[in-house]
Amino acid sequence: MPTDCDVLIIGAGPAGASAAALLQREGFRLLVVEKQRFPRFLIGESLLPHTMDLLDEAGLLGVAQAQSFIHKCGAVFYRNGQVCDFDFSNQFTPGWKYTFQVPRADFDKALADEVAARGVEIRYGHGVTAVRFDATHATATIEQPDGARRDVTARFILDCSGYGRVLPRLLDLERPSNFPVRESLFTHVTGDRRPEGREEGKIWICIHPDGGWIWIIPFSNGRTSVGVVAEPEFFKRFPGEPAEQLRAILMSDARAAERLADMEVVFAPQRITGYACGVKQFCGPRYALAGNATEFLDPIFSSGVTLALASANRAAKVITRELRGEAVDWQQDYVEFVKQGIDTFRAYVVAWYNGTLPDIFFAPGKTPAIMRQICSVLAGYVWDKTNPYVAQPERALPLLSRIVNFPQPAVPATEPAPPANVPDPRSKNFFSEDPLTAYDAKSEAQRIAFAPVVFQASRLLREHGILELIQRSGASGLTLDELTATVALPRYGIKVLLESGLGGGLLLVNDGRYTLSKVGYFVLRDPMTRINMDVVHEVCYRGMFELDTALKEGRPAGLKSLGDWKTFYEGLASLPPRTRDAWLAFDHYYSDQAFPAALPLVFADKPKRLLDVGGNTGKWAIQCAKFDPHVRVTIADLPPQLELARANLREQGFEGRVDLFATDLLDPARPLPGGHDAIWMSQFLDCFSEKEIVSILRRAAEAMSADSSLYILELLWDRQPNATAAFCLQQTSLYFACIANGNSQMYHSADLLRCIAASGLRVVEDRDEVGLYHTLLKCRKA
């Protein structure tokens with residue numbers, strides 16, 4: 001049927017304007033309705049550099065640049081006399097080095113006026129009061145400024161209404177946030193004492209000594225936005241009217257007081273409470289949500305406008321394809337993309353408020369390389385998954401906090417290697433004594449006897465959501481009947497799993513109510529436990545029945561449970577997705593958190609040419625190219641692996657700076673290419689037998705000059721920080737024996753050092769706990 005427009009856009013803010021600009025360029029008939037009149041006041045005034053890419057994509061960057069907004073080139077964080085200064089010129093991800101601080105009334109109106117000048121109809125003072133959808137179109141009831149109502153039909157509705165959240169309210173899509181309720185009290189002031197030059201435009205974030213945090217955002221018109229964010233209890237410590245309250249808070253923080261001592265308030269402070277919100281779904285037939293109509297997290301890190309523009313631009317592209325009759329997968333093409341950005345920022349918001357991120361910002365052991373990676377997140381480049389602090393922030397940030405606050409100095413290069421008959425002090429022996437009583441030892445033996453049963457029961461308690469439900473119940477716990485009403489298993493199945501969980505130590509029971517034990521919590525929540533459990537189940541479990549044969553015959557006899565290959569690596573690309581994903585998560589878990597710590601160590605000598613032996617998909621090469629714009633990298637590996645690397649390099653824009661050298665590294669007749677300042681091997685040698693390691697290292701030594709360095713990054717089980725980490729690596733050796741290739745393992749340091757010495761190399765630097773678990777060995781020709 002004929003419609004009034006192709007796309008009805010609700011909201012004329014940045015998301016609505018950007019989506020309209022893109023859809024108008026494609027020739028669609030548009031109508032934008034906006035409840036408010038422009039210009040109108042709004043917070044969310046500090047943009048991120050990625051905003052510039054998104055404005056440029058919509059053809060709106062020029063109009064923003066014409067407004068003479070002050071340039072924001074970074075962010076400065078203050079805490080108790082400590083300073084952490086991020087400058088956007090020093091990033092990991094290639095992108096814009098600055099952005100703008102914008103009074104939103106001016107910024108939003110400039111974008112909307114530009115879109116209107118291009119022929120898009122914008123009706124201000126018009127609100128949507130009802131919507132309905134049928135098989136061919138959508139209908140919205142519009143309330144006009146005079147109170148009259150009319151229906152507008154469209155082929156699609158895009159909700160960019162921001163805090164108005166029109167479709168979430170009308171379609172019952174609202175979902176409360178799991179963040180604690182926080183308040184924001186804010187205003188604009190004049191008379192602040194700003195830094196000069198490039199520093200003038202940076203946002204200041206001051207962590208208040210009593211909790212909460214303060215923002216200070218300068219504008220080019222002489223005004224400055226100031227605000228405080230904290231939980232409600234914080235504000236109760238500062239009695240009085242909002243203006244008195246805000247001034248008292250600002251003056252009680254040393255940095256803020258120094259800058260704002262002469263401030264004059266422009267308008268009465270405003271307060272927002274409980275602003276965090278979410279939705280049950282991001283889209284449906286003939287509609288989608290963008291910007292703050294989806295989720296709003298928190299003002300910290302100024303993510304709002306970036307997420308609004310990114311989601312609006314993405315939605316406009318998917319809508320274009322759908323309206324042209326193309327097949328569209330909204331979940332894959334839109335929802336997963338938007339959630340990637342939201343979830344990354346969510347991890348940083350959580351880490352900010354639980355103290356992890358401030359501990360990183362002000363840590364004595366933080367490195368420039370790591371801060372560049374975090375700077376890219378703060379710049380809005382939250383879709384660059386080559387950045388480990390984008391790919392897995394929930395795991396990477398807590399781990400990084402531990403690393404940078406407990407730095408371990410390197411062993412001096414002049415320290416001689418210990419004699420062969422003297423134990424290496426860096427080699428820890430967790431297994432020299434028997435701490436158990438006879439009774440405890442017998443109990444542990446019984447646990448080993450039933451270990452496969454307990455493993456599968458624990459996995460199913462996790463997979464069927466039983467542990468999750470019990471944890472959410474808190475101290476009150478859940479009964480068998482309550483679980484039976486919720487879990488998609490028969491009562492009998494739930495009952496026997498619960499009882500196994502009791503014996504396995506995952507659960508506790510009192511008066512028939514089950515609660516989670518500490519062990520159960522870590523089975524449910526610990527990333528390492530999840531990753532290890534998944535790879536054991538998906539890759540190892542069935543094949544381990546053939547372990548005896550594998551050890552006797554020196555071949556991966558258990559691999560037949562997955563496919564007909566000589567080694568696991570040959571069949572990796574052919575594995576079912578769930579199995580392959582489990583292995584990749586396992587394989588990358590350790591290396592991803594070690595790379596940021598290793599990069600500054602490798603580049604301390606400023607290598608110009610680097611050889612990445614066994615470079616696989618090119619992850620390390622890409623990290624090197626981003627870390628040092630002058631380095632040239634060569635990857636040596638099998639041809640199929642190099643094709644994967646080539647695709648990744650092309651996608652990241654580094655194909656011209658990385659060379660590919662096809663070779664069979666197990667062929668002793670094939671030399672490695674020379675002429676490199678540094679050679680790199682990461683979690684590579686553990687894939688080979690000791691004989692094969694010596695062959696590879698000898699060829700590396702032959703390719704080195706007297707000034708070249710070889711860096712070996714490995715997981716050595718005797719160098720781990722605790723017995724549990726050593727245990728995990730020892731058991732991983734049996735995966736190599738039975739599934740992977742039949743002849744390699746996670747090595748003891750003495751074994752690897754012996755191979756290095758036999759290859760004509762000497763260790764000149766030996767550093768443990770690089771990224772917590774790895775050892776980095778720097779070698780030279782003997």
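None of these values were measured; they are calculated from a predicted model. Note that the numbering runs from 1 along the sequence shown for the chain.
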Using modelled atom types and a 3.5 Å cut-off, is there a donor and acceptor pairing between side-chain atoms of [X] and backbone atoms of [Y]?
X      : Y      : answer
Asp605 : Pro607 : no
Glu183 : Val229 : no
Asn387 : Gln373 : yes
Arg657 : Ala625 : yes
Thr187 : Val265 : no
Arg182 : Ala230 : no
Ser401 : Leu397 : no
Thr294 : Ala290 : no

Open item on the list: Taking the six-membered ring of Phe238 as reference, does the cationic atom of Arg247 (NZ for Lys, CZ for Arg) lie under 6.0 Å from its centre and within 45° of its axis?
Closed with: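 Negative - Arg247 is either too far from the ring of Phe238 or too far off its axis.
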Open item on the list: I want to check a possible cation-pi pair here: Arg271 against Phe235, using under 6.0 Å from ring centre and within 45° of the ring axis as the test.
Closed with: yes
Could you tell me whether [X] and [Y] make a salt bridge, using a distance below 4.0 angstrom between a side-chain N and a carboxylate O?
X      : Y      : answer
Lys608 : Asp677 : no
Asp159 : Arg165 : no
Arg346 : Asp298 : no
Arg194 : Glu199 : no
Lys339 : Glu336 : no

TODO: Let me see the working for Val382 and His50 under side-chain contact (heavy atoms from CB on, under 4.5 Å), right down to the final yes or no.
DONE: CA-CA 9 Å; Val382 292; His50 187 40; over 6 Å; no
Open item on the list: Enumerate the side-chain hydrogen bond (donor to acceptor under 3.5 Å, both in side chains) contacts for residues 63-72, please, sequence neighbours excluded, ordered by first and then second residue.
Closed with: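 Checked against side-chain hydrogen bond (donor to acceptor under 3.5 Å, both in side chains) - neighbours excluded - the pairs reaching residues 63-72 are Ser46-Lys72.
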Open item on the list: Test: side-chain hydrogen bond (donor to acceptor under 3.5 Å, both in side chains). Region: residues 299-308. Which pairs qualify, not counting sequence neighbours?
Closed with: Thr51-Thr306
Check: [Y] and [X] side chains under 4.5 Å, non-hydrogen atoms:
X      : Y      : answer
Cys375 : Asp87  : no
Phe107 : Phe100 : no
Arg79  : Phe361 : no
Asp192 : Arg223 : no
Phe92  : Gln623 : yes
Pro14  : Arg104 : yes

Task: Steps toward side-chain contact (heavy atoms from CB on, under 4.5 Å) verdict (Met52, Tyr98) - done: CA-CA 8 Å; Met52 311 292 270; Tyr98 75 94; 3.7 Å; yes
Would you kindly say whether [X] and [Y] are connected by a side-chain donor-acceptor distance under 3.5 Å?
X      : Y      : value
Asn313 : Ser18  : yes
Thr386 : Lys626 : yes
Ser225 : Glu45  : yes
Trp213 : Tyr78  : no
Arg372 : Thr93  : no

Open item on the list: I'd like to check the side-chain contact (heavy atoms from CB on, under 4.5 Å) partners of Tyr163; sequence neighbours left out, ordered by chain and number.
Closed with: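 Testing Tyr163 for side-chain contact (heavy atoms from CB on, under 4.5 Å), a comparison that skips the adjacent residues, returns Leu42, Asn292, Phe296.
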Task: Aromatic ring proximity Trp680/Trp620, centre distance under 6.0 Å - done: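 Under 6.0 Å, so yes.
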For [X], ring pair (Phe, Tyr, Trp, His ring centres under 6.0 Å) partners two or more places apart:
X      : result
Phe38  : Tyr124
Tyr334 : Trp330
Phe41  : His188, Phe267

Open item on the list: Please evaluate residues Asp333 and Arg314 with respect to the criterion salt bridge (charged side-chain N to carboxylate O under 4.0 Å, His left out), reporting the C-alpha separation (whole Å), side-chain torsions for both, the decisive distance (0.1 Å), and the verdict.
Closed with: CA-CA 8 Å; Asp333 299 342; Arg314 187 74 165 207; 5.9 Å; no
Task: Nearest heavy-atom neighbours spanning Trp383 and Leu307 - done: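 Scanning both residues, the minimum pair turns out to be CH2-CD2, 4.0 Å.
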- [ ] Heavy atoms only: give me the nearest Val770-Ala597 pair and the separation to one decimal.
- [x] CG1-CB, 3.8 Å
Open item on the list: Tell me whether the rings of Phe301 and Trp352 are parallel (<30°), tilted (30 to 60°) or perpendicular (>60°).
Closed with: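 Phe301 and Trp352: perpendicular rings.
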